[in-house]
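Report on one structure; see the data block that follows.
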Amino acid sequence: MRLKTTALLGAAIVALSAGMAFAGEVTWWTPNFNEARAKTLVEKFQAAHPDITVKLEVTTTDGLPQRVLTALQSGAAPDIVDVQHGWVNGYAQNKLVLPLDDVLKDREDYIPAALQYVTWDNKLWGIPYRIETHAVIFNKGDFTAAGLDPNKPPQTWDELVAAAEKLSVNGKSGFAITGGGEVGNTIFRSLPFMWMVGGGIISDDGKKVLVNTPESVKAVTFYTDFFKKKLSPASTLENDGTANRRLFIAEKVSMYQSGQFDVPSIRKENDKIDVGVMPIPHPEGGKTAAILGGWSLVVPSSAKNPDDAKTLIGFLAESENQAVLTDTFPARISAMKAERFNDPILQVFKEMLPYGRPVPAHPNWVQISQAYFDGIQRILLGDEDVQKAMDGAAAEIEPLL
């Protein structure tokens with residue numbers, strides 16, 4: 001009996017030292033921008049499920065795609081991870097996450113595109129809770145000071161450049177792009193310009209490289225020229241979306257692309273700014289475009305406690321809770337009825353939703369987007385011209401298809 005007890009204690013010590021979760025404990029990785037809301041919901045969940053303890057671990061978006069992928073591949077992943085919709089199909093095709101069809105309730109209450117994003121092989125591999133597209137946030141006061149009509153913001157690429165030139169005075173930058181931080185920041189801001197002219201990084205079916213086609217090169221040139229022509233901040237190579245928001249709040253930037261999640265921070269930190277929102281400008285005679293983005297909850301194949309993880313995800317997916325967790329639009333239609341979604345400033349973001357497209361579903365999308373991002377950085381550094389940089393990205397992407 002003593003030997004048996006000793007053996008059991010030894011096994012327990014080994015399990016603890018390996019960081020294993022036992023039944024009743026769920027480890028949830030959530031991004032730092034969700035921290036406060038996640039903590040509120042965890043408290044509510046644990047009050048209703050006292051037999052389940054939730055260990056909340058806060059991640060940062062910088063480097064998150066690779067960190068999550070490494071965790072999933074290593075077999076040492078948490079029980080739940082918040083991930084961008086575009087990553088999910090790759091995980092599913094590589095057998096890194098579990099199907100969640102048994103968790104989904106009220107399928108008809110979800111925006112169809114949100115579910116399509118995380119569906120592969122007729123199975124659901126994530127539960128979407130947030131959906132969004134970008135628009136252009138601008139300072140109406142800067143427009144007036146520059147002789148521009150804030151009620152008639154730019155609609156075309158040429159008009160956007162012209163406005164950025166007029167706004168780039170007295171140390172201000174007219175239109176801030178991103179060139180650093182987490183890869184997704186630059187993908188979200190530049191890929192739609194490629195789509196507007198018939199280009200892209202890869203084809204929608206994932207079989208062809210498009211990043212160095214004439215159409216894509218034209219769009220990448222348009223995007224990076226804002227920095228090369230000094231219409232975007234000198235710090236663009238380091239700037240992510242958060243940095244651009246801070247520069248806008250500091251009134252060093254007049255226009256930048258982002259989602260509605262930036263509006264509360266702007267209002268809180270500088271209530272003197274008269275905030276405007278416009279659709280993303282399009283080429284003359286063309287249509288606008290945006291990445292249909294957002295976040296989903298997934299359960300890794302190596303999760304130690306998948307059953308309780310699914311219980312928590314089911315709780316978070318309830319309409320009332322989903323309205324709390326997201327800081328853009330919820331994936332559930334009924335959750336959109338929450339009072340905070342009635343703010344008039346959200347109207348343009350809603351108008352952009354029909355122009356939203358998913359990124360191509362490819363198992364190597366994380367690596368593909370990294371190769372493109374590296375090419376963008378080479379352009380911004382002045383190491384290569386646009387064609388050479390995109391040819392280099394294409395050479396890296398081709399073996400990944």
Residue D102 excluded, over 12 heavy atoms near CG under 6.0 Å: yes

Correct closest heavy-atom pair for I177 and T224 would be CD1-CA, 4.2 Å

As an exercise, state the distance from CD of E251 to CG of N170, rounded to the nearest 0.5 Å. 12.5 Å

Flag yes if more than 12 heavy atoms outside K218 fall under 6.0 Å of its NZ atom; otherwise flag no. no

Donor-acceptor check, side chain of R332 to backbone of A317, threshold 3.5 angstrom: yes or no? yes

K304 and D79: salt bridge (charged side-chain N to carboxylate O under 4.0 Å, His left out), yes or no, with the steps? CA-CA 6 Å; K304 306 299 188 297; D79 300 293; over 6 Å; no

Yes or no on side-chain contact (heavy atoms from CB on, under 4.5 Å) for W157 and I280, after CA distance, side-chain angles and deciding distance? CA-CA 9 Å; W157 286 10; I280 300 172; over 6 Å; no

Counting only N and O atoms by type, is there a donor-acceptor contact under 3.5 Å from the side chain of Q257 to the main-chain atoms of A135? no

Q367 atom CD: more than 12 heavy-atom contacts under 6.0 Å: yes

Determine whether the side chains of Q387 and N212 contain a donor N or O and an acceptor N or O closer than 3.5 Å. no

Under 4.5 Å between any side-chain heavy atoms of V220 and Y372, yes or no? yes

Distance from L100 atom CG to L104 atom CG, nearest 0.5 Å? 9.0 Å

Please name the pair of heavy atoms, one in L346 and one in F329, separated by the smallest distance, quoted to 0.1 Å. O-CZ, 4.0 Å

Which heavy-atom pair separates V81 from P300 by the least distance, and what is that distance? CG2-CG, 4.0 Å

Determine whether L237 and Q377 make a side-chain contact, defined as any pair of heavy atoms from C-beta on separated by less than 4.5 Å. yes

Checking side-chain contact (heavy atoms from CB on, under 4.5 Å) for the pair D149/F143: CA distance, chi angles, key distance, verdict? CA-CA 6 Å; D149 186 348; F143 267 54; over 6 Å; no

Between K39 and E43, is the closest basic N to carboxylate O distance under 4.0 Å? no

Hey, is CD on E269 packed in by over 12 heavy atoms from elsewhere, all under 6.0 Å? yes

Residues two or more places apart in sequence or in another chain: which of them pass side-chain contact (heavy atoms from CB on, under 4.5 Å) with D82? W28, T30, P31, N34, Y129, W295, L297

More than 12 heavy atoms from other groups under 6.0 Å of NZ on K350: yes

Would you check if there is a donor-acceptor pair between the side chains of S232 and T236 at a distance under 3.5 Å? yes

Sidechain N-carboxylate O distance under 4.0 Å for E35, R37: no

Check: N305 side chain, E25 main-chain N or O, donor-acceptor pair, under 3.5 Å: yes

K388 with D383: basic N within carboxylate O range, under 4.0 Å: no

Check whether S168 reaches the backbone of G174 with its side chain - one donor and one acceptor, N or O, closer than 3.5 Å. yes

Do other residues, nucleotides or ligands put more than 12 heavy atoms under 6.0 Å from F373 CZ? yes

Is the shortest side-chain heavy-atom distance between V348 and M278 below 4.5 Å? no

Are a donor atom and an acceptor atom from the side chains of D158 and T156 found within less than 3.5 Å of each other? no

Is I80 close to W29 at the side-chain level, that is, under 4.5 Å between some pair of heavy atoms? no

For G141, is there any backbone N or O sitting under 3.5 Å from a side-chain donor or acceptor partner on D274? no

Check whether any side-chain heavy atom of I202 sits under 4.5 Å from a side-chain heavy atom of L210, and report yes or no. no

Given side chains that start at C-beta, do those of M194 and M196 come closer than 4.5 Å, heavy atoms only? no

Might you work through the side-chain contact (heavy atoms from CB on, under 4.5 Å) test for F138 and V253, ending with a clear yes or no? CA-CA 9 Å; F138 67 98; V253 160; over 6 Å; no

Side chain of S301, backbone of L96: donor and acceptor closer than 3.5 Å? yes

Atom OG in S216, atom CH2 in W195: separation rounded to 0.5 Å? 11.5 Å

Going by distance alone, is a donor N or O of one side chain under 3.5 Å from an acceptor N or O of the other, for S334 and D109? yes

Validation row: F188, H134 side chains within 4.5 angstrom (heavy atoms): yes

Ignoring hydrogens and angles, tell me if any N or O in the side chain of N364 forms a donor-acceptor pair with the backbone of L400 under 3.5 Å. yes

Side-chain H-bond candidate by donor/acceptor type, D374 with Q370, under 3.5 Å: yes

Taking D106 for its side chain and E108 for its backbone only, find out whether a donor-acceptor pair lies under 3.5 Å. no

dist Y223:OH -> L191:CG (nearest 0.5 Å) comes out at 11.0 Å

Determine whether more than 12 heavy atoms belonging to other residues, nucleotides or ligands lie under 6.0 Å from atom CD of E284. no

For a 4.5 angstrom cut-off between non-hydrogen side-chain atoms, does Y117 reach V88? no

Kindly indicate, with the supporting measurements, whether the criterion salt bridge (charged side-chain N to carboxylate O under 4.0 Å, His left out) is fulfilled by D240 and R246. CA-CA 10 Å; D240 59 7; R246 288 172 178 160; over 6 Å; no

Under 4.0 Å between a side-chain nitrogen and a carboxylate oxygen: does that hold for E318 and K44? no

Atom CD1 in I137, atom OG in S254: separation rounded to 0.5 Å? 13.0 Å

Atom of P154, atom of P281 and distance for their closest heavy-atom approach: O-CG, 3.8 Å

Are T61 and E182 close enough that a side-chain donor and a side-chain acceptor fall under 3.5 Å? no

Drop me the distance from L312's CG to D307's CG, to the nearest 0.5 angstrom. 13.0 Å

Does a sphere of radius 6.0 Å around CG in N342 hold more than 12 heavy atoms from other residues, nucleotides or ligands, not counting ones at 6.0 Å or beyond? yes

Testing the basics here: between P360 and D204, what is the closest heavy-atom pair and its distance to 0.1 Å? CB-O, 4.1 Å

Derivation and outcome, side-chain contact (heavy atoms from CB on, under 4.5 Å), residues I333 and Y110: CA-CA 6 Å; I333 298 167; Y110 279 79; over 6 Å; no

May I ask you to decide whether R340 forms a salt bridge with D327, counting only side-chain N to carboxylate O separations under 4.0 Å? no

Might you point out which heavy atoms bring T288 and H282 nearest each other, and give the distance in Å? N-CB, 3.5 Å

Just by modelled atom types, is the T178 backbone N or O under 3.5 Å from a matching donor or acceptor in the N239 side chain? no

D225 side chain to K228 backbone, donor-acceptor under 3.5 Å: no

Using the ring-ring contact (aromatic ring centres under 6.0 Å, His included) definition, which of the options F193, Y256, F175 pairs with F226? F175

